[in-house]
Amino acid sequence: MRRNGGRVVATLLATRPWQVKSNVAFVVGLGLLFLVPGMLVATAVEWGSSGSHNEVALAMGALASLVAGLLLVICTRLEPDMPPAAVFATVAWTWIGSSVFGALPMWFSGEFGSFDNALFESVSGYTATGSTILSPIEEVGRGVLMWRQIIQWYGGMGMVVLAVTILPFLGVGGLSLISAEAPGPTSDRLAPQVSSTARRLWALYGGITIAIAVALLLSGLSLYDAIAHAFTTASTGGFSPYDSSIGHFDSIATEVIIIVGMLLCGVSFTLHWRAVTGNARAYSQSSEFRFYLLVILLAALVAASLNWLNDISGLASSLRNGFFNAVTIGTSTGFGNASASNPGGDFAAWTAGAQSLLLPLMVMGGMTGSTAGGLKVLRAQVMAKYMRVGLLRVKHPHVVARVKLGTTALSEPVLQRVAGLVALYAFTAFAGTLVLSMLGQDLITASSGTISALGNMGPALGEAGPTSNFLVFTRPARAVLMLLMLIGRLEFFAILLVLLAAYERARRVTRIKLRR
Amino acid sequence: MNEPFGVRLSWPRSTVGVFTTVVIGAIGVILLFATVYVASGEVNSVADALFEATAGLTTTSLTVLDPETLPSWLLIWRGFTQWTGGIAALLLALIVLPNSGPQRGLSNIASSHQKPPESSNSGLCTKTRIILIYTGFSGAIMIAYALFGMSVRDAVTFGFTTASTGGFANYHNSVAHFDSAAIEWIAAVAMGLAGTSLAALVWLMRGKVGGLWRSTEVKFYWLLILVSTLLLAGWTWQDTGGGTQTIRQCFFVTTSSISTTGLRLADWGQWSAAPQTLMLMLIGIGAMAGSAGGGFQVRRVLEILGIVRRELVLQLHPQAVVPVQVSGVSVSQDALTRVQNFQILWVLAAAVGVFGVASLGTDLITAVSVSVSALATAGPALGEFTGFVNATVLAAPARAVLMGLMVLGWLAIYPIVVVVGWGIGEVQRLRLKR
């Protein structure tokens, strides 16, 4: 079996004289090929379910991805050298390509209306954001909904990392590919070989997904529900095939499992790997991990007590909703647990003080090297320490103080880079807020919508709360949100580079025209 | 230094000493102002007097009093408190903080009001000159107001509060009360100038426009005013009647926001979301460094933009050396570190403020806008603050949070944080000794 698979891969990868040298196109093609099994699974689910009949749409989507992917892979060949720009371009185009092809089955099904709606759903899926334009969700067939969940699962760990698992010869370029795609400032090698690092990441990811699915199954969910929610919990995405999300089940056991799952996947996968390979103290040794748990715990407790004191809900349900929502926002997942019997799960109904606690959580996001989005705990932690050292320098101008993470002292250039990215993040958030408000949203919806999209969160405050859908944004505003989601997921540069390249090309074209 | 009454006064040499003096001084002045309000018999509650005094010193236009019931002398006093706040901010920024403590370059850290590069050779930085220019500027505004139909009382009060970017008014409707195009134009231009750095004003008076043109800060500030006015005019053309009336109103609201003055002409609340957000952002950006205005300040915004640009280049070329320049001068790494720290502190202060105000019983939009507005020492906000309402719409504890934010914003955060941090450290040391 394995040998056969290897032979197929080898045939695909074989060099032929007529192939075009293009790493970008090759990896994009591979990414598209990976979509095919997912779409086929969704087709099978649709086949097995009663009510809707979108098998053809899903199968056509699979066919389109297969044909396009094969064409790209067969017609191109990899170059061993990859300059940084090519790395970023590869990642960006793989994401854009997968988003477009991932949108096809949804568009073909006709359940989403226009193509841009399907594309929004697809981008929101791949970036593990979880903002949806569907309402009511349940009317869409089970297969298409399963495809939505699978998209998020792919996006959680990343298509490029998946491609690197079978590209052992990429060498150094491979590691920069992983770090260009993996969220956070560092990407640790889990193994000497890049492809085995990628393989281990995906193996861990798959393992966690299966564990969550089994736990959910034991808590009483159907197989379909368990798998669907395991996909989007592991990817910290937050899509659900139900309008009321996790609130649909109204079960504390399910919520606890989901909370634990989300918390796990907001943790760096490097830590998980160390723990799995025998270092049981890996977690407690990480100061980022302690900071992450502390912030979420604190936010949950304060929000719960504020809601309890203001009579939004009783103590028990305040705690339940506080924890669920702090975790779902703090890990950038975006599930909701509001239901008819538990209206306090909708944080739009919380007191303003408790709501205001969710904004910093949205900005911070999960740990580096996890599937979660946001600015990342590590950066927040570094900035907090950097600020303390800065204040110390005001007091004692000649003091020698360094920012330390655990036992390593960070050099000034590294600190500058972190601070630079934070500034870039803040700037993008402001620009996004301004643009969204120009497109008709009020201040809270615009600002929280921007932060939510940039941090790949899902729900926002204001009009775009956890129970409403993103059709409240106008069409151009949704385009801006899509861009923000991609920028946030790929941490700025990949997407900005592609935009910049397009601009440069346009400028060059016009310059030539002017010369003539 | 001066020797009044034969006592030799000198500034403490350590940074903490300077900061402590400044903070204690600010608290003392606030108490003094509050005492006058209480002694006047017009203000019944001490909390209200304190709030009004804080808003006065910090040149914020948030008020809890009904100005139309107050006697004339108290109105002028109220305006004067803001005028004092304006001059105090300028002196602190340009004289006290840069020249005291062990580090002369402290101005960059200590206050929002940095010395712009061109001020160093213009001989601006003497106490007398600053006071003269500021007084002359205020006098010119008062005369202009009086010439175009204000009573002497109003001209003096509005002169005080315009020049200092304060924004207290004698009427519920603020400047809209006069219903005079000329007064609105004067106020709008004066607010714009009050938010420009004092050094730039000197250049302007001397006719050295070339120097102004070389300053990225000046260009950025006035370009921002121009663009925002036009955007605002485009959005509100229908609501504000069109023509020059719209341009005038939009120009007024823009300069009132960016200079963090807070004189009012129109009710924001009737506008759509976009102009509201834009105005709040202008308030957050704030005036130029070296002016009496508050906010994050244009110079810092430019530095942050430089950092953003550098980060973009560094992502592609990690080994590149990219300088950050403002007005053609490279900004030192130390200054960049400070501005990044300041950015974090500012956002953190705003976030704490939002949480404080929101958990004391308002909606989120009010909490966010009023916190940003108070931290920028402006005043106008959204939500419950739309229309010509005053700060009594908030509960007393929430107003206390705002008082903290105003003082923080006025002193550009650092002095307070350092003094508080030092105080906590001392207390811990005392405990350890025991």
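Residue numbers start from 1 in every chain, and the chains themselves are labelled A, B, ... in the order their sequence lines are given, proteins ahead of strands.
- Among G353(A), G462(A), S447(A), the residue with the largest count of heavy-atom pairs under 4.5 Å with chain B is G353(A).
- Note: Q276(B) CD to L443(A) CG = 8.0 Å, rounded to the nearest 0.5 Å.
- Atom CG of residue N341(B) and atom CZ of residue R388(A) lie 12.5 Å apart, to the nearest 0.5 angstrom.
- To the nearest 0.5 angstrom, M383(A) atom CE is 7.0 Å from Q343(B) atom CD.
- Residue contact with chain B, scored on non-hydrogen atoms closer than 4.5 Å, involves the side chain of L306(A) exclusively.
- Within 6.0 Å of atom CH2 in W308(A), 12 or fewer heavy atoms from other residues, nucleotides or ligands are found, so the atom counts as exposed in its surroundings.
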Which pairs would a plain distance check flag for residues 350-357 of chain B, meaning a side-chain donor or acceptor within less than 3.5 Å of a matching protein atom at least two apart in sequence or in another chain?
none

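- Proximity to chain B is limited to the side chain of L461(A), based on heavy atoms less than 4.5 angstrom apart.
- Inter-residue side-chain proximity for W235(B) and M438(A) is flagged as met; some heavy-atom pair is nearer than 4.5 Å.
- Annotation: the span from L312(B) atom CG to F427(A) atom CZ amounts to 9.0 Å, rounded to 0.5 Å.
- Looking at V302(A), only its side chain comes within 4.5 Å of chain B, counting heavy atoms on both sides.
- Interface remark: of the candidates Q416(A), Q355(A), Q441(A), Q416(A) forms the most heavy-atom pairs closer than 4.5 Å to chain B.
- When heavy atoms are compared at a cutoff of 4.5 Å, F88(A) approaches chain B solely by way of its side chain, counted from C-beta outward.
- Looking at E412(A) and Q333(B), their side chains never bring a donor and an acceptor atom within 3.5 Å of each other.
- To the nearest 0.5 angstrom, T277(B) atom OG1 is 12.0 Å from F430(A) atom CZ.
- Among D363(B), T362(B), V347(B), T337(B), the residue with the largest count of heavy-atom pairs under 4.5 Å with chain A is T337(B).
- When each of A274(B), A367(B), S272(B) is scored by its heavy-atom pairs under 4.5 Å with chain A, the top score falls to A274(B).
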*Would T433(A) and M281(B) count as a side chain to side chain contact (heavy atoms under 4.5 Å, CB included) if you check the C-alpha gap in whole Å, the side-chain angles of each, and the deciding distance to 0.1 Å?*
CA-CA 10 Å; T433(A) 305; M281(B) 281 194 171; 3.9 Å; yes
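- The choice from L391(A), N310(A), L392(A) that makes the most heavy-atom pairs within less than 4.5 Å of chain B is L391(A).
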*What do the steps show when you test S359(B) against T351(A) for side chain to side chain contact (heavy atoms under 4.5 Å, CB included), and what is the final call?*
CA-CA 7 Å; S359(B) 43; T351(A) 65; over 6 Å; no
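- From Y386(A), atom OH reaches atom CD of Q340(B) across 5.0 Å, with rounding to the nearest 0.5 Å.
- The greatest number of non-hydrogen atom pairs below 4.5 Å with chain A, out of V301(B), L314(B), L382(B), is found for L314(B).
- Only the side chain of L231(B) comes within contact range of chain A, with heavy atoms under 4.5 Å apart.
- Residues A423(A) and I304(B) share a closest heavy-atom pair of CB-CG2, 4.1 Å.
- By the 4.5 Å heavy-atom criterion applied to side chains, L364(B) and S356(A) are counted as neighbours.
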